[in-house]
Protein chains: 2
Amino acid sequence: MDELDTAILRHLQEDARQSNRAIAEKVGIAPSTCLERIRLLRQRGVIRGYHAQVDLPALGRRVQAMVSVQVRPLNRDVVAGFERSVSELPEVLSVYTMAGSDDFLVHVTAQDIEHLHAFLLERFTNRREILGFRTSMIFQHLTNPILDPLPPTP
Amino acid sequence: MDELDTAILRHLQEDARQSNRAIAEKVGIAPSTCLERIRLLRQRGVIRGYHAQVDLPALGRRVQAMVSVQVRPLNRDVVAGFERSVSELPEVLSVYTMAGSDDFLVHVTAQDIEHLHAFLLERFTNRREILGFRTSMIFQHLTNPILDPLPPTP
DNA sequence: CGATGATCCCGAACAAAATTCGGCAGCACT
DNA sequence: AGTGCTGCCGAATTTTGTTCGGGATCATCG
């Protein structure tokens, strides 16, 4: 993980579909070298994958919400079961398993408020392990496109 | 946005760096057709970009937390200023602007607990517009890799 | 002090992919 | 049946991915 790897990673985070040659040129190395570096980053697990980012409204998902959930009993089976089943729902973007007063944070999208309401009533109200949940609408979601390595603490 | 576009989108979300030919073959059309479809998806803004997903621990980011923030006064300038300045910090993965009891939810990463603590003291405690904030550690973060269009509600 | 090996990078050669573009088929409308 | 439109295809051309042999650099060790 030298600064060459970091530079390559930066470019792949910016645009994962640009050609290997373009990246090689930008970071100032030969295409073959760049290809090998990318292969190693992938193999070492530094790069976990490449994903297209889609526009949510274009997919008919016009509202977003964050749902804080408390479950009981808070044991391994209930936690794993909740994570798995909830993360598979099409309306769910991601599931955070947390420490603190709430056990999960679920990022949800829906077509509109009615759909969101129906979704919550169908998928959360019924579940017996769910003690309670609170829903907060999301106005905007900004994401940091580039993640550089942080220096290790000794 | 027919089911052909949907299929292409699915493959690009799964692996954005696979070749156009591979996608074309999987969805059963000619490479040239597939290329044109992808170009249009990009142009229409359905595809917003392609990003490499990196492994946070490999970047020295071993802890994650969610910070709920309340700011005052809650006006346009303060909100926009908070969003912009906070989303630029290297420890910040994303900023959710919310309705409800908290105004923002900030997803942060740090090398370890000490770094997280120092970050919060440096970047949040000092800011005058911040009324208060609560920090919750994240044990796990699951993300849904594939987002299909939801049917429109009439 | 030079030999040895390891590591990393380069560039040429070949295979594969992207890209362009002319044309054909299906379809709606007349 | 004619006309225009749209979307798709496939061949030709350019660009890219991929492999591999060899050279430069550097540290280790005899």
Side-chain angles (χ1 to χ4, degrees), chain A residues 1-61 145-152 154, chain B residues 1-61 145-152 154:
Chain A
M1 272 267 71
D2 54 9
E3 66 288 330
L4 206 55
D5 284 326
T6 302
I8 292 171
L9 217 50
R10 225 191 322 257
H11 289 294
L12 282 173
Q13 286 181 85
E14 185 110 12
D15 177 8
R17 234 178 133 69
Q18 64 185 310
S19 71
N20 174 57
R21 294 182 105 88
I23 300 171
E25 190 168 350
K26 285 173 192 165
V27 306
I29 57 176
S32 52
T33 306
C34 190
L35 196 71
E36 179 65 10
R37 289 273 191 154
I38 294 174
R39 199 203 315 267
L40 289 175
L41 285 170
R42 190 81 217 256
Q43 191 178 312
R44 276 187 280 150
V46 177
I47 295 174
R48 296 180 59 115
Y50 308 100
H51 305 287
Q53 187 195 357
V54 300
D55 183 65
L56 293 174
L59 295 187
R61 299 162 178 259
I146 297 157
L147 299 177
D148 278 336
L150 298 174
Chain B
M1 270 270 67
D2 55 7
E3 65 289 330
L4 206 54
D5 285 326
T6 302
I8 292 171
L9 218 50
R10 225 192 320 258
H11 289 294
L12 281 173
Q13 286 181 85
E14 184 109 15
D15 177 8
R17 232 175 134 69
Q18 65 185 309
S19 71
N20 174 57
R21 296 181 103 89
I23 299 171
E25 190 168 350
K26 285 173 192 166
V27 306
I29 57 177
S32 51
T33 307
C34 189
L35 197 70
E36 179 65 8
R37 289 276 192 153
I38 294 174
R39 199 203 316 269
L40 288 174
L41 284 170
R42 191 81 219 255
Q43 191 177 311
R44 275 188 281 150
V46 178
I47 296 175
R48 297 180 57 117
Y50 307 100
H51 305 287
Q53 187 196 357
V54 300
D55 183 64
L56 293 175
L59 260 41
R61 298 161 180 260
I146 297 157
L147 298 177
D148 277 336
L150 297 175

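Proteins get letters first, then strands, A, B, ... in listed order; numbering begins at 1 in each. What you see below is based on every heavy atom in this structure, not just the backbone, and it leaves out hydrogens, waters and symmetry mates.
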query: Between the two end axes of the helix from C:dC1-D:dG30 to C:dT30-D:dA1, each built from 5 base pairs, what angle do you get to the nearest 10°?
result: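 Terminal axis comparison yields 20°.
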Min side-chain heavy-atom separation A:Leu9-B:Leu59 under 4.5 Å: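 Yes; the side chains approach each other to less than 4.5 Å.
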- prompt: Is any side-chain heavy atom of A:Leu56 less than 4.5 Å from a side-chain heavy atom of B:Leu147?
  reply: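 Yes, at least one pair of side-chain atoms sits under 4.5 Å.
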- request: Check for a donor-acceptor pair, side chain of A:Asn20 on one end and backbone N or O of A:Ile23 on the other, with a separation under 3.5 Å.
  value: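 Checking the backbone N and O of A:Ile23 against the side chain of A:Asn20, no donor-acceptor pair under 3.5 Å is found.
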task: Keeping the roles fixed (side chain from B:Asp2, backbone from B:Asp5), state whether a donor-acceptor pair exists under 3.5 Å.
output: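 Confirmed, B:Asp2 side chain pairs with B:Asp5 backbone.
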- prompt: What are the 5'-most and 3'-most nucleotides of DNA chain D lying under 4.0 Å from any heavy atom of chain A?
  reply: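 For DNA chain D, the relevant span reads D:dT16 to D:dT19.
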Taking all heavy atoms of [X] and all of [Y], pick out the closest pair and write down the distance.
{"X": "A:Ala16", "Y": "B:Ala52", "result": "CB-N, 3.8 Å"}
{"X": "A:His51", "Y": "B:Gln13", "result": "ND1-O, 2.6 Å"}
{"X": "A:Arg61", "Y": "B:Asp148", "result": "NH2-O, 2.9 Å"}
{"X": "B:Arg42", "Y": "B:Ile47", "result": "NE-O, 3.5 Å"}

- request: Sort and list the pairs that fulfil salt bridge (Lys or Arg N to Asp or Glu O under 4.0 Å) and have at least one residue in residues 23-35 of chain B, not counting sequence neighbours.
  value: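 Non-adjacent pairs meeting salt bridge (Lys or Arg N to Asp or Glu O under 4.0 Å): zero.
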message: Classify A:Leu4 by what it touches in the nucleic acid, base, sugar-phosphate, or nothing, heavy-atom distance under 4.0 Å.
response: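 Sugar-phosphate contact only.
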- request: Could you tell me the separation between the CD1 atom of B:Ile29 and the CD1 atom of B:Ile8, rounded to the nearest 0.5 Å?
  value: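 If I round to the nearest 0.5 Å, the distance is 4.5 Å.
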task: Find the distance between OG (B:Ser32) and CZ (B:Arg21) and round it off to the nearest 0.5 Å.
output: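 The CZ atom of B:Arg21 is 9.0 Å from OG of B:Ser32, to the nearest 0.5 Å.
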Considering only nitrogen or oxygen atoms on both sides, find all protein atoms under 3.5 Å from nucleotides 12-20 of chain C and state each distance.
residue : atom : partner : partner atom : Å
C:dA18  : OP1  : B:Asn20 : N            : 2.6
C:dA18  : OP2  : B:Asn20 : N            : 3.4
C:dA18  : OP2  : B:Arg21 : N            : 3.0
C:dA18  : N7   : B:Arg21 : NH1          : 3.1

field: side chain to side chain donor-acceptor pair (under 3.5 Å) partners of A:Arg39, counting only residues at least two apart
entry: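 If we apply the side chain to side chain donor-acceptor pair (under 3.5 Å) test to A:Arg39, skipping adjacent residues, the hits are A:Glu36.
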message: Counting primed atoms plus P, OP1 and OP2 as sugar-phosphate and everything else as base, spell out the protein contacts along nucleotides 22-27 of chain C at 4.0 Å heavy-atom distance: B, S or - for each nucleotide, 5' to 3'.
response: ------
